[in-house]
Structure formats: structure tokens, C-alpha cells
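Just so it is clear, the structure is predicted and the values come from calculations on it, not from any experiment. Indexing begins at 1, ligand by ligand and atom by atom, following the structure's order.
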Amino acid sequence: MSAALLEVEGLSVAAEGRPLVGDLRFAVRSGERVGLIGESGSGKSVTALALMGLLPPGLRAGGSVRLAGRELLGAPEAELSRLRGAQVSMVFQEPMTALNPTMRIGPQVAEVLQVHGRVPDRRSAWQAAVAALADVGLPDPPALARAYPHQLSGGQRQRVVIAIALAGDPALLVCDEPTSALDVTVQGRVLELIRRGLAERGAGCLFISHDLAVVADVCERVLVMHAGRVVEAGPTRRVLTRPQHPYTRGLLAASDLGRTDEHGRLLTMDRFLAGPPPPLTEPAPPWQGTAEDGWATSGGGS
Ligand SMILES: Nc1ncnc2c1ncn2[C@@H]1O[C@H](COP(=O)(O)OP(=O)(O)OP(=O)(O)O)[C@@H](O)[C@H]1O
């Protein structure tokens with residue numbers, strides 16, 4: 001089995017002693033897209049920020065987060081800054097928070113390419129920035145590179161953010177609700193862009209979303225978070241069609257995808273999942289998942 005790209009063991013986050021996230025254990029392999037779902041306030045964003053070393057003041061993380069074998073928790077800020085963008089990048093829900101509103105688009109992309117040593121000088125940085133904007137499907141990239149963020153649509157801004165996040169060819173992309181602020185009409189195209197960017201780089205992805213249809217569309221595996229803990233993990237199809245934990249069942253029932261047939265089998269999810277539905281006779285796996293599901297066991301098994 002290939003070694004995990006991201007290994008999270010016993011991750012906890014607390015705010016002045018109040019636990020927000022506790023004892024998280026999971027792994028993401030290269031090229032794998034893992035969803036993190038759960039209701040608002042369950043701890044998804046705090047988890048993502050802890051992985052990135054970007055927790056706000058007052059929040060403290062404990063445990064272990066290893067990226068390609070390197071421990072990130074407690075690593076010096078200078079080392080984390082080097083890793084961010086080059087090894088791990090993040091795409092947030094609201095692209096305006098990631099972009100500098102007073103700076104034209106082109107220099108923002110060029111700056112990232114230069115910081116990561118992808119280009120030798122400013123001139124080639126500009127050319128590479130225009131190419132990166134073309135690569136994420138933006139129209140008239142040379143003109144767009146001269147625009148300010150407010151002159152772009154929300155979807156175009158998120159494409160720029162994705163171009164920036166992918167500019168350093170990261171091994172891991174952390175996406176926190178990357179399409180939630182976008183029109184439904186552009187969501188699919190932005191998701192396709194993320195999928196393609198990951199596939200071209202063989203990068204892994206932790207994909208946070210409250211939208212189960214989006215997670216079903218993007219992720220091979222899913223972690224279900226409730227009150228700061230992962231309560232269920234496994235292949236997306238299994239978790240979303242045959243949830244084992246009562247919380248996951250509730251989450252599905254509350255979603256648009258929760259409609260069931262006379263056997264209690266979830267119907268609508270099949271529209272979003274590739275391949276045939278699991279047979280009704282198949283025995284249900286244990287809800288806590290197996291090592292094959294990518295569920296890191298508390299005994300430290302792989
Ligand atoms: N800076 C902070 N200080 C104290 N508590 C915080 C801070 N940021 C988040 N929290 C708390 O941590 C918990 C988890 O929040 P988090 O934002 O991770 O949830 P979430 O699952 O991402 O929700 P949403 O889907 O609404 O973004 C919540 O109880 C929240 O109030």
C-alpha cells in the first residue's frame with residue numbers, strides 16, 4: 001500500500017482550554033480526494049486551519065500532522081511558510097479573502113510563482129502568470145492579468161485563487177467550501193478545474209463541504225465530523241448510500257439526497273455516484289471503517 005501523503009494522528013484543537021476538535025485520525029494518499037463533511041460548527045474549518053498551521057490566535061493544536069513524513073505541528077513559521085504553496089495549498093470559500101483587492105491579478109499570480117522559485121525573473125513570472133490564468137480557463141488572460149479582483153465575477157476570482165493555489169504544484173490541496181459562494185451554474189466548472197489540477201499533479205486533496213452532492217461528485221472517500229470528532233469514515237458511495245452512524249443518517253436525511261426507496265435505500269445519491277449501487281444483500285461494514293477505508297486505527301495501524 002502506498003504511504004500516506006498526509007497523516008493526522010490524535011489531532012486536537014482547543015480555544016483557551018475548551019476543546020473544539022478532538023483525537024482526529026485520518027490519512028490522505030497522493031492522488032486521493034477525501035471529503036470532510038458535517039454540520040456547521042462541527043469543526044471542519046478549524047481542522048483545515050490546523051493542518052495548514054493557520055489557526056487564529058487563541059486556538060492551540062496538539063497531536064501530530066505529518067505531510068510526506070514531515071511533522072507540521074510545532075514546526076517553525078519560516079518552515080511552514082516555505083511549505084505552504086509548494087507542498088500544501090488551500091482554497092477558501094470566499095475568493096476575496098484570498099486575493100489582495102488593491103493589487104492587479106497578474107502580479108498576485110506572478111508573485112507566488114517567484115516566491116516558489118518557479119521562474120527566474122519578473123518578465124518570465126508575468127508570462128507564466130498569464131499562462132496559469134489561461135490554464136484555469138479564464139478569458140483573455142493578458143487583459144485579465146491587468147484587472148483588479150473586483151472587476152472579475154465570483155467564479156473568475158475563484159479560478160484565480162485556484163491558479164494561485166496550484167502555482168507551486170502542491171502535493172496536497174485543502175479546499176474549504178470552494179464552490180459554496182458561487183452560482184450553481186459555475187460550481188460544476190470550478191469543481192472540474194480542481195479535479196483536473198489535482199489529476200495533472202497527482203496531488204491529494206482534503207475537500208470540505210456541507211454539500212453532500214458535491215462531495216459525492218468529487219471525493220473517493222469521506223470523513224463525517226460531528227462535534228469535533230470523526231464519527232464515520234469510508235468510501236464515499238458506502239458512507240452516503242449505507243450510512244452506519246446515526247449522525248451520518250441524520251445528515252443525509254436532512255439533505256436533498258436523503259430520499260429513500262421502499263427498502264430504505266437512498267435513491268437520489270445514485271445520480272451523483274459513478275458505478276452501480278451496492279446490492280441490498282451486501283453485509284454492512286462496521287461504521288468505524290477499516291484500514292482500507294483509510295481509517296487510521298487508534299492502535300496506530302496503517
Ligand atoms: N477563533 C475561534 N475562537 C474560538 N472558537 C472558535 C474559533 N473559530 C471557530 N471556533 C469554534 O470552533 C467550532 C468549530 O468551528 P468550525 O468553523 O471549524 O466549524 P465548521 O464545521 O467549519 O462550520 P461551517 O460549516 O459553518 O464553517 C465552533 O464551535 C466554533 O464556534
Side-chain angles (χ1 to χ4, degrees), residues 6 8-26 28 33-65 72-74 77 80 84 88-98 154 157-158 161 165 172-184 187 190-191 194 205-219 221-234 236 239-240 243 245-258:
L6 175 74
V8 176
E9 276 178 38
L11 176 66
S12 62
V13 180
E16 280 143 26
R18 184 169 67 93
L20 303 177
V21 163
D23 199 28
L24 292 194
R25 291 164 197 276
F26 62 89
V28 179
R33 300 181 300 257
V34 178
L36 182 57
I37 61 174
E39 70 197 326
S40 184
S42 56
K44 306 181 298 296
S45 296
V46 161
T47 301
L49 294 173
L51 302 182
M52 298 293 299
L54 290 174
L55 284 173
L59 299 198
R60 285 183 67 84
S64 170
V65 174
L72 301 187
L73 282 198
E77 183 48 41
L80 291 175
R84 276 187 225 115
V88 54
S89 286
M90 187 155 177
V91 176
F92 294 92
Q93 173 172 343
E94 179 37 71
M96 273 314 257
T97 58
R157 282 197 288 265
Q158 197 61 307
V161 169
L172 178 73
L173 188 67
V174 178
C175 296
D176 190 353
E177 306 274 7
T179 57
S180 304
L182 304 180
D183 262 22
V184 175
Q187 276 188 5
V190 169
L191 290 175
I194 292 173
C205 180
L206 183 69
F207 191 97
I208 296 173
S209 180
H210 69 276
D211 188 332
L212 302 187
V214 166
V215 169
D217 186 27
V218 172
C219 303
R221 223 154 39 80
V222 67
L223 311 164
V224 184
M225 210 165 173
H226 171 50
R229 295 188 177 257
V230 172
V231 295
E232 179 163 0
T236 308
V239 172
L240 297 187
H245 194 278
Y247 175 75
T248 316
R249 287 194 206 115
L251 206 60
L252 278 159
S255 81
D256 292 347
L257 306 172

| query | If you count the atoms of ligand 1 from 1 in the order shown, which ones are under 4.0 Å from a heavy atom of Ser40? | reply | 23 (O), 24 (P), 25 (O), 26 (O)
| Are side-chain heavy atoms of Met225 and Val21 found at a separation under 4.5 Å? | yes
| field | Those atoms of ligand 1 less than 4.0 Å from some heavy atom in Arg18 | value | 5 (N)
| field | Atoms in ligand 1 with a heavy atom of Ser45 nearer than 4.0 Å | value | 17 (O), 18 (O), 20 (P), 22 (O), 27 (O)
| query | When you measure from the side chain of Glu39 to the backbone N and O of Leu251, does any donor-acceptor pair fall under 3.5 Å? | reply | no
| Quick one: does Ser42 get an N or O within less than 3.5 Å of an N or O on ligand 1? | yes
| field | Gly58 touching ligand 1 at heavy-atom level, < 4.0 angstrom | value | no
| said: Could you report the tightest heavy-atom contact between Gln93 and Ala181, atom names first, then the distance? | reply: O-CB, 3.7 Å
| said: Less than 4.5 Å apart, side chain to side chain, heavy atoms only: is that true for Leu11 and Leu51? | reply: yes
| field | Those atoms of ligand 1 less than 4.0 Å from some heavy atom in Ala15 | value | 4 (C)
| request: May I ask whether Gly43 places a heavy atom under 4.0 Å from ligand 1? | output: yes
| Separation of Asp176 CG from Met90 CE (nearest 0.5 Å) | 4.5 Å
| Residue Pro56 vicinity, atoms of ligand 1 by number, heavy atom under 4.0 Å | 1 (N)
| task | Find the distance between CD1 (Ile208) and CD1 (Ile37) and round it off to the nearest 0.5 Å. | result | 12.0 Å
| query | Which atoms of ligand 1 are found less than 4.0 Å from any heavy atom of Glu39? | reply | 21 (O)
| How far is atom 18 (O) of ligand 1 from its nearest protein heavy atom, and which residue and atom name does that atom have? | Val46 N, 2.8 Å
| Does an N or O anywhere in Glu177 fall below 3.5 Å from an N or O of ligand 1? | no
